[in-house]
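Input: a single structure, listed below in structure tokens.
First the proteins, then the strands, lettered A, B, ... as listed; each starts at 1. Since the structure is predicted, the reported quantities are computational estimates derived from the model, not experimental observations.
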Amino acid sequence: MVDDLFSPHLSSPQPVYLDGLNSEQRLAVETTQGPLLILAGAGTGKTRVLTTRFAHILLEKLAWPEQVLAVTFTNKAAREMRERISGILNKPVEGLWLGTFHSLCARMLRQHAPRVGLERSFTILDTDDQMRLLKQVIEPWRLDLKRWPPAQIMHQIQLWKDRALLPEDITPAQDTDIANGQAQPIYKAYQARLKELNACDFGDLMLHMVTIFRQHPDVLAQYHQRFRYILVDEYQDTNSIQYLWLRLLAKRDDGAPANIACVGDDDQSIYSWRGADITNILRFEKDFPGAKIIRLEKNYRSTPRILRAASQIIAHNEDRLGKTLHPGLDQAEGDPIEVISTPDSDDEARVVGLTIQNLHNQGQNYKEIAILMRAGFQTRAFEEALMRMGIPYHIVGGLRFYERAEIRDAIAYMRTVLYPTDDLAFERIVNLPKRGFGNVALAKLRTAARQRGLSLQQTLQQQLEQKELKGKAANSLNAFMEAILLSRHIASTEGHVVATEKVLEESGYLTMWRDDPKTVEAAGRLDNIQELLRAIGEFPTMEAFLEHIALVMDTDNLQDDQNRVSLMTLHAAKGLEFPTVFLPGWEEGIFPSQRSLDEGGNQALEEERRLAYVGLTRARERAIILHAASRRIYANWQDSIPSRFIDELPSEQIIKREPARQSQRTGSFFNRRFQQHTPRMPSGRYSPKSPSARPPIPLGATIRHNRLGEGVVVSIEGERLSVNFEDVGLKQVMASFVEIIS
DNA sequence: TTCTAAAATATTTTT
DNA sequence: TATTTTAGAA
């Protein structure tokens, strides 16, 4: 069965699947033994090399499919890789260890959960559950939640997990910043509570596996024996624990060189704020002695002019392994990059819309065009402009299907039906819709449950049966429990889809949305729930479905073929390409973002520059950069100067354009008049509250705040002021909320 | 407990 | 501007 797969290739001098690879790509595919780092610039055929290499290992019979470990960051990348491998092998492949770090860890952990005190049936919590749990855990500490927001504590815990630190690994010195130095005991309590619930959060998937590898050499040895080859995608984005996990799996006891191949591009590392550690890629040679490095520098995507511009920008960074993109296609120079400056952000959107209209009239499809911006809020202006012009568009990214409140509610209902001991799911929906069972009642139930040693749901059921509850809440809760029990019964007779439909109906959840006054929005939510029911039907059991959504947060985007313009952030655009790319908002403070610069200094600036590089290299034929002299940010106008990145572009590759003002009809009548008739320079007339209209607040000034009273400014960080108030002491306030007295 | 209105606040978000 | 969080009243 396997042989018929191999024979056609064995007989030919060069396997077909190697045709069309350039010499570097070919080397990257055929260098199978020992550690290998493939530095693959944008558009150099990274995915092709990775998949071909995988297929090559199989076809050369170097390993069986289940002996290769292939790690990606996104489900999308994993899916694509799987498809392309089957494409090369010309048959579906099964039994591959190919997936995201987290899904692979989940698969392993199902096997070895008892080694860290979990049952194999552990549940994986989503972020809402995590926060709810943490909030309960920190209660005994009686922290000032204003000063120590739970989200911040969660962040700290996650940082520790990302560095593979268990509660007992944390020294007091590492635990001073957050929650009065109580973060470590909170972390410990949180982990204990997770164990009680037989649950783990996302970070735990990796943390538990690394812990098991470290504490149980027999388990690690098992995987050493299994995996003969390891492939890693997007290596520049790995964080400490992912790196550790890889190294544990790659380094064998016998000291044999690891067959680990990592593909990455240090110039496209844009997730440091998420814990990605660029030094992982910079120190690869040190960690894996004898490592070979292959650079893929032939770009098959963009015009020479775009490549030169992108190269020139990224050359301003110092922390690089260094590589240069060369045009790999035999093609003409291409158009220069356009740099368009507009008077304000409304014009910016309009110019983009008009240009798209022109391109479309010249025959370009909408789906060949993308608008890539630094931050999500920038999309709004473009949405408005495109809608007005009747240009079809869609927003990529944004809130994902399984993150919508109604979907999470419905899932919580399903979990409540399926798992009578799932307290977190139960808490989410007991009082949704309102059943007169609020926080106070819930707290009582929690105490009762603890005394009885039962779950919340079991306790409530007992109390209802024994008529321990009274009042109108008792009635609605009775109906609620009945719906749960009925659905549980139906699940075993008529299947999980009908059961789900039934709880949502009988519990009154659907009615809640039907009666919602905001009909348009509510209708959308009901549609989403229909969509959810359809998705559930594609899985054999509810458990299978829940496992799937815990790990795969995106719904398969099947609507890719629709002809419409794509709007997304630069981050979301990584890995994609479009013939025409608009890059708006290249202004100081926006891009590079002020906040990055304030917090991360030069390192952050370099990351912003890498973002610019990512943005430019998405374009195949045409890149258009825009900046506005004045931008509406939320309520008010702010003047801005062109981004330093524009100055870093090679002047011979760009052409500057300044279209005439064309704004009309935005904002109020008065705003319009001011914009058209006020001289621009001593600006800020658009709105009296605009930051530029306000005189700058000097250090030591006395100010008044509506709520906090009068005080003295003791420090200034951009818009954020530290003020010593007469009545309430030192507080942080936004500059736009104060008024200067003296 | 729930409703209401005012106040705060708003990068990027692969799992 | 728009959304979410909060404090206080009903």
[X] has an atom [atom1]; how far is it from atom [atom2] of [N], in whole Å?
X	N	atom1	atom2	value
A:Ile633	B:dT9	CD1	P	18 Å
A:His155	B:dT12	NE2	C1'	13 Å
A:Met209	B:dT15	CE	P	21 Å
A:Asn475	B:dT1	CG	C1'	17 Å
A:Asn75	B:dT14	CG	C1'	9 Å
A:Gln378	B:dA10	CD	P	17 Å
A:Arg380	B:dT11	CZ	P	12 Å
A:Phe377	B:dT13	CZ	P	13 Å

Could you give all pairs that pass the salt bridge (Lys or Arg N to Asp or Glu O under 4.0 Å) test and reach residues 432-443 of chain A, with sequence neighbours left out?
->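 Those involving residues 432-443 of chain A do not exist here.
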Considering every strand and a 4.0 Å limit on heavy-atom distances, what is the contact class for [X]: base, sugar-phosphate, or nothing?
X	result
A:Ala77	nothing
A:Ser593	base
A:Gly376	sugar-phosphate
A:Tyr271	base
A:Gln242	nothing

Give the minimum heavy-atom separation between [X] and [Y], together with the two atoms involved.
X	Y	result
A:Ala604	A:Ser596	CB-O, 3.3 Å
A:Ile590	A:Arg374	O-CG, 3.3 Å
A:Leu109	A:Cys200	CD2-SG, 4.4 Å

Charged N to carboxylate O below 4.0 Å: is that the case for A:Asp409 and A:Arg404?
->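 The answer is no: the pair does not qualify as a salt bridge.
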Taking only residues two or more places apart in sequence or in another chain, which ones pass side-chain hydrogen bond (donor to acceptor under 3.5 Å, both in side chains) with A:Trp513?
->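 For A:Trp513 the side-chain hydrogen bond (donor to acceptor under 3.5 Å, both in side chains) partners, ignoring immediate neighbours, are A:Tyr509.
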Results of side-chain hydrogen bond (donor to acceptor under 3.5 Å, both in side chains) for A:Arg107 - residues two or more places apart only |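 side-chain hydrogen bond (donor to acceptor under 3.5 Å, both in side chains) list for A:Arg107, sorted by chain: empty.
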Does NZ or CZ of A:Arg110 lie under 6.0 Å from the centre of the six-membered ring of A:Phe122, at an angle within 45° of the ring axis?
->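 Yes - A:Arg110 lies over the ring of A:Phe122, closer than 6.0 Å to its centre and within 45° of its axis.
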Show your working on side-chain contact (heavy atoms from CB on, under 4.5 Å) between A:His571 and A:Ile270 and close with a plain yes or no.
-> CA-CA 7 Å; A:His571 285 88; A:Ile270 53 174; 3.7 Å; yes
Ignoring hydrogens and angles, does a donor from either the side chain of A:Arg374 or the base of B:dT12 sit under 3.5 Å from an acceptor on the other?
->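 Check passes, donor-acceptor contact within cut-off.
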Using the criterion of both pairing distances under 3.5 Å for Watson-Crick and G-U wobble pairs, give all stems of 3 or more consecutive pairs involving DNA chain B.
->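 B:1-10 with C:1-10 - these are the stems of 3 or more pairs that involve DNA chain B.
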Pull out every protein N or O sitting under 3.5 Å from an N or O of nucleotides 2-5 of chain B, one pair per line with the distance.
from  : atom 1 : to       : atom 2 : distance (Å)
B:dT2 : OP1    : A:Gly436 : N      : 3.1
B:dT2 : OP2    : A:Asn431 : ND2    : 3.4

C:dT5 and B:dT12: how far apart are their P atoms, nearest whole angstrom?
->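 Those two atoms are separated by 16 Å.
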Contacts under 3.5 Å, N or O only, protein and nucleotides 6-10 of chain C:
from  : atom 1 : to       : atom 2 : distance (Å)
C:dA7 : OP1    : A:Lys146 : NZ     : 2.6

Go through [options] for me and flag the one nearest to the [X] side chain.
X	options	value
A:Arg274	B:dT12, B:dT1, B:dT15	B:dT15
A:His102	B:dT14, B:dT15, B:dT11	B:dT15
A:Ala375	B:dT13, B:dT11, B:dT14	B:dT11
A:Thr100	B:dT14, B:dT15, B:dT11	B:dT15
A:Tyr634	B:dT12, B:dT11, B:dT15	B:dT11
A:Phe202	B:dT11, B:dT15, B:dT13	B:dT15

A:Glu543, CD atom: more than 12 neighbouring heavy atoms under 6.0 Å =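 It does: A:Glu543 CD has more than 12 such atoms within range.
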When you match A:Glu234 and A:Ser596 each to their closest nucleotide on DNA chain B, which lands nearer the 5' end?
->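 Nearest nucleotide further toward 5': that of A:Ser596.
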Reference residue A:Asp126; test salt bridge (charged side-chain N to carboxylate O under 4.0 Å, His left out); the match among A:Arg408, A:Arg400, A:Arg132 =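 For A:Asp126, the salt bridge (charged side-chain N to carboxylate O under 4.0 Å, His left out) test succeeds with only one of A:Arg408, A:Arg400, A:Arg132, which is A:Arg408.
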Cut-off 3.5 Å, side chains only: do A:Glu406 and A:Asn528 have a donor facing an acceptor?
->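 Present: a donor and an acceptor within the cut-off.
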Quick one: is A:Thr569 getting a side-chain N or O under 4.0 Å of the B:dT11 phosphate, OP1 or OP2?
->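 For B:dT11, neither OP1 nor OP2 has a side-chain N or O of A:Thr569 closer than 4.0 Å.
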Just by modelled atom types, is the A:Leu207 backbone N or O under 3.5 Å from a matching donor or acceptor in the A:Asp204 side chain?
->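 Answer holds: no.
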